[in-house]
Amino acid sequence: MNDYEYWSRLAPTYEDDNLYVIGQATHDAINSWLTGQFENNDHVLELGCGSGLFTEPVVGLVSHVTATDMSDEMLDQARIKFAGNDCVTILKEDCCKTSFDDETFDAVFLANVIHLVSDPDSVLEESHRLLKHGGRLVVVDFTSYGLTSQERKIMIDRYFERWGRPQRTNKALSPETMRSMVEKAGFKVVESILVGDGARAVLLSATN
């Protein structure tokens, strides 16, 4: 099964299920952090946009978002969400090897990509290639790192209830591990933090 095929089958209910598994408090913390990560004239590339769950808060902050994914089912959901919105372009692209030219975008946004894909190094290297000089990488990645045993049990139970057995490529990344991966790809990390209540997310920003 390809990285994206696992999620394709879950597309129709993904957003409601995600909120149930992760919780509103963690989503609110992520959305609050995102408000300070972009400039209003940015053209942002999102790799692995899924249904557009995290595309939505970014759209109101920037000039344009090119939202991409490999799952036709997820892209269908995103097209419904952003129908008629000229500030969003939705395309099918492989996050490890896109069709875009070098240094095309002001920012690259990765939400719940790094911990899921089988080759995160390729995704980060591609992100570096696509950024203009001085561009920004913005990463949001859910993780079980830092959870208490009780919090972990609750999240695992909810995950299995809605989505079944996790992908074998699923990784529980810490802010330090994420930092190391991003630096290996040639970025300079500005911030790498852990947020969340009951579920956690690693939030990272970097420049090329």
Reported [atom1]-to-[atom2] distance for the pair [X] and [Y], which is rounded to 0.5 angstrom:
X: Thr26; Y: Leu19; atom1: OG1; atom2: CG; answer: 10.0 Å
X: Leu194; Y: Ser174; atom1: CG; atom2: OG; answer: 8.5 Å
X: Asn208; Y: His128; atom1: CG; atom2: NE2; answer: 5.0 Å
X: Leu75; Y: Tyr4; atom1: CG; atom2: OH; answer: 10.5 Å
X: His64; Y: Asn85; atom1: NE2; atom2: CG; answer: 8.5 Å
X: Thr104; Y: Asp102; atom1: OG1; atom2: CG; answer: 7.0 Å

What side-chain donor-acceptor pairs closer than 3.5 Å can you find for residues 48-56, not counting sequence neighbours?
| from | atom 1 | to | atom 2 | distance (Å) |
| --- | --- | --- | --- | --- |
| Ser51 | OG | Glu15 | OE2 | 2.7 |
| Thr55 | OG1 | Glu46 | OE1 | 2.5 |
| Glu56 | OE1 | Lys81 | NZ | 3.4 |

Check: If you measure from the Lys or Arg side-chain nitrogens to the Asp or Glu carboxylate oxygens, is any gap between Glu126 and Arg129 under 4.0 Å?
Finding: yes

(Q) I'd like to know if the side chain of Ser8 and the backbone of Ser71 have a donor-acceptor N/O pair within less than 3.5 Å. (A) no

Task: N/O donor-acceptor pair under 3.5 Å between Asp42 side chain and Val44 backbone - done: no

Using a 4.5 Å cut-off on heavy atoms from C-beta on, say whether the side chain of Cys95 contacts that of Met70.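 Heavy-atom side-chain distance check fails, nothing below 4.5 Å.
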
Is any side-chain heavy atom of Glu191 less than 4.5 Å from a side-chain heavy atom of Ser205?
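Glu191 reaches Ser205 side chain to side chain.
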
- Item | Atom of Arg200, atom of Glu151 and distance for their closest heavy-atom approach |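 Between these two residues, the closest heavy atoms are NH2-OE1, 3.3 Å.
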
What donor-acceptor contacts under 3.5 angstrom involve side-chain atoms of residues 108-116, with partners at least two apart or in another chain?
| from | atom 1 | to | atom 2 | distance (Å) |
| --- | --- | --- | --- | --- |
| Asn112 | OD1 | Phe142 | N | 2.9 |
| His115 | ND1 | Asp141 | OD2 | 2.9 |

Note to self: Counting neighbours of CG on Asp197 that are heavy atoms of other residues, nucleotides or ligands and sit closer than 6.0 Å, is the number greater than 12?
What the structure shows: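 At most 12 heavy atoms, drawn from other residues, nucleotides or ligands, come within 6.0 Å of this atom.
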
Taking the six-membered ring for Trp, are Tyr14 and Trp163 parallel (under 30°), tilted (30 to 60°) or perpendicular (over 60°)?
parallel

